[in-house]
There are 2 protein chains.
Amino acid sequence: MSVKHSLLALLTQGPRYGYQLRAAFEECTGSTWPLNIGQVYTTLDRLERDGLVEDLGDDGAGHRHYALTASGRAEAADWFVQPSRPQNPPRNELAIKLALAVTTPGVDVERLIQAQRSATVRALQDYTRAKRTAGGGAETGGGPDTDLAGLLVLESLIFTAEAEIRWLDHCEAAVLRAARFGRRPAAVPPHPQPSTPAPSSQRRSR
Amino acid sequence: MSVKHSLLALLTQGPRYGYQLRAAFEECTGSTWPLNIGQVYTTLDRLERDGLVEDLGDDGAGHRHYALTASGRAEAADWFVQPSRPQNPPRNELAIKLALAVTTPGVDVERLIQAQRSATVRALQDYTRAKRTAGGGAETGGGPDTDLAGLLVLESLIFTAEAEIRWLDHCEAAVLRAARFGRRPAAVPPHPQPSTPAPSSQRRSR
DNA sequence: CGACACATGTAACACGTTACATGATTTG
DNA sequence: CAAATCATGTAACGTGTTACATGTGTCG
């Protein structure tokens, strides 16, 4: 959904063509999230089909411009006003992995947590370095707030990574605490077990 | 990718059938992320096609069990060991929206930030309430660590929401600071403007 | 009996990525 | 001229959601 709305938002500044829209998107997000050019065209097709944009045709220079329709403009305005709050927050792969890890016997949860923290710390260092580098260079040529936008995106990554590290620390403590109390490996099967037992070749981490 | 790997991870505890896998997934993540049952079956089909699981056939009770193959077991073990670190972090719709908002004239960024913070604070309160409620109730019947897993998932949501609020506060300050210095509304167009000007019906937020 | 949970699927569609095909223009 | 960039698309596939169809078993 973000691509669709991003294109609508970019078109509020006037008609644009596909290639231009991708460049504008990547510039404004500081190239953090590359946007596939093929998807731009297919999304524009869908937007036109749904009556949110209008095809202005070839301008003679080989550029196929699109403009917002009235409902497209309303949709873009609504996107900016309505807070993003899906009923179910987007799936967090790391949280799922850890939840499955603590419920699966034979998984080295400690190692998982430490490996993940190392990876996140490295990513955080990359972001911090990128933030130092940015802003000092030449203007990329976007509007007056293009640098601000890229900076905010970078800082969003930083805040997220920091939170992930804090959560991992918290998980490590919680897992250790749970392990100190009796951790019985599936003593009483709560559901009727399938007739076929787990194969004996099951891997163990130690 | 998370669904595919989640199913593999659940199957490390022995053969299961589709409906059972969904129940196990939702129980272990505390019903935070509902898993579509149709997707379970199509994913199992793909896993079988790729040689990661094996169809044990109907067990006579109408249950179609699947078991891990050797490569499926290796894949699951690898998923637990390898840290989740995609080259490009998953798109953050809120960050994209804010980046586009500060580069788009006529958008009330202040209002956007405040509306989003309110929504996130409400979500945070929901999570906190859910955390208080959980644990006190009866055992759901999962393994000994099912409660722990659900708790960790909830806390992941809490840590993420808190980070989002902090980031929004930071953005508000940064935007105010940028506004205090000269914010010229697109004085010098950096790219050649399209011939068609933006329609005069453009909405303004105030 | 009727409602509900259990259980397995299919179809259609939205969204996203990768790879490929095609041609114009610019630049070393 | 050759390579890179600009520009527009198509095809195939993976992933995810919603809705529908179908049948069994259980319980009030």
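Lettering of chains follows the sequences in order, A, B, ..., and the numbering in each one begins at 1. Here the structure is a predicted model, which means the values were calculated and not measured.
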Nearest-Å distance, CD (Glu26(B)) to P (dC6(C))?
11 Å

Of Arg91(B) and Gly62(B), the one whose closest nucleotide on DNA chain C sits nearer the 5' end is Gly62(B)

What are the two closest non-hydrogen atoms of Ser84(A) and Lys97(B), and how far apart are they?
OG-NZ, 3.2 Å

Given atom NZ of Lys4(A) and atom C1' of dA14(C), what is their separation to the nearest angstrom?
9 Å

Salt bridge (charged side-chain N to carboxylate O under 4.0 Å, His left out) contacts in which one or both residues fall within residues 149-174 of chain B, not counting sequence neighbours
Arg117(B)-Asp169(B), Arg117(B)-Glu172(B), Lys131(B)-Glu155(B)

Closest heavy-atom contact between Leu152(B) and Cys171(A)?
CD2-SG, 3.8 Å

Which donor-acceptor pairs under 3.5 Å do side chains of residues 2-10 of chain A form with protein atoms, sequence neighbours excluded?
| residue | atom | partner | partner atom | Å |
| --- | --- | --- | --- | --- |
| His5(A) | ND1 | Met1(A) | O | 3.2 |
| His5(A) | NE2 | Glu75(A) | OE2 | 2.9 |
| Ser6(A) | OG | Ser2(A) | O | 2.6 |

Rounded distance (Å) that lies between atom P of dC15(C) and atom CG of Leu7(A):
11 Å

Between P on dC15(C) and CD on Gln39(A), what's the gap in Å once rounded to a whole number?
9 Å

Donor-acceptor contacts under 3.5 Å from residues 38-51 of chain A side chains, at least two apart:
| residue | atom | partner | partner atom | Å |
| --- | --- | --- | --- | --- |
| Thr42(A) | OG1 | Gly38(A) | O | 3.4 |
| Thr42(A) | OG1 | Gln39(A) | O | 3.1 |
| Thr43(A) | OG1 | Gln39(A) | O | 2.6 |

Measure from CZ on Arg64(B) to C1' on dG9(C) and round the result to the nearest Å.
10 Å

Find out whether Ile96(A) and Phe25(B) are in side-chain contact, i.e. whether some heavy atom of one side chain is under 4.5 Å from a heavy atom of the other.
yes

Of residues 42-50 of chain A, the positions that come close to DNA chain C - non-hydrogen atoms, cut-off under 4.0 Å
Arg46(A), Arg49(A)

Under 3.5 Å between N/O atoms: give me all the protein pairs with nucleotides 3-6 of chain D, atom names plus distance.
| residue | atom | partner | partner atom | Å |
| --- | --- | --- | --- | --- |
| dC6(D) | OP2 | Tyr19(A) | OH | 3.4 |

Using whole Å, report how far CG of Asp58(A) lies from C1' of dA24(C).
12 Å

Interatomic distance, Ile37(B) CD1 vs dA7(C) C1' [rounded to whole Å]:
8 Å

So, is the end of the Arg22(A) side chain (NZ or CZ) under 6.0 Å from the ring centre of Tyr19(A) and within 45° of the ring's axis?
yes

Just by protein heavy atoms under 4.0 Å, how would nucleotides 19-25 of chain D read 5' to 3' in B, S and -?
-------

Quick one: Arg22(B) CZ to dG16(D) P, roughly how many Å, whole number?
16 Å

Which nucleotide in dC15(C), dG16(D), dT8(C) has an atom nearest any side-chain atom of Ser2(B):
dG16(D)

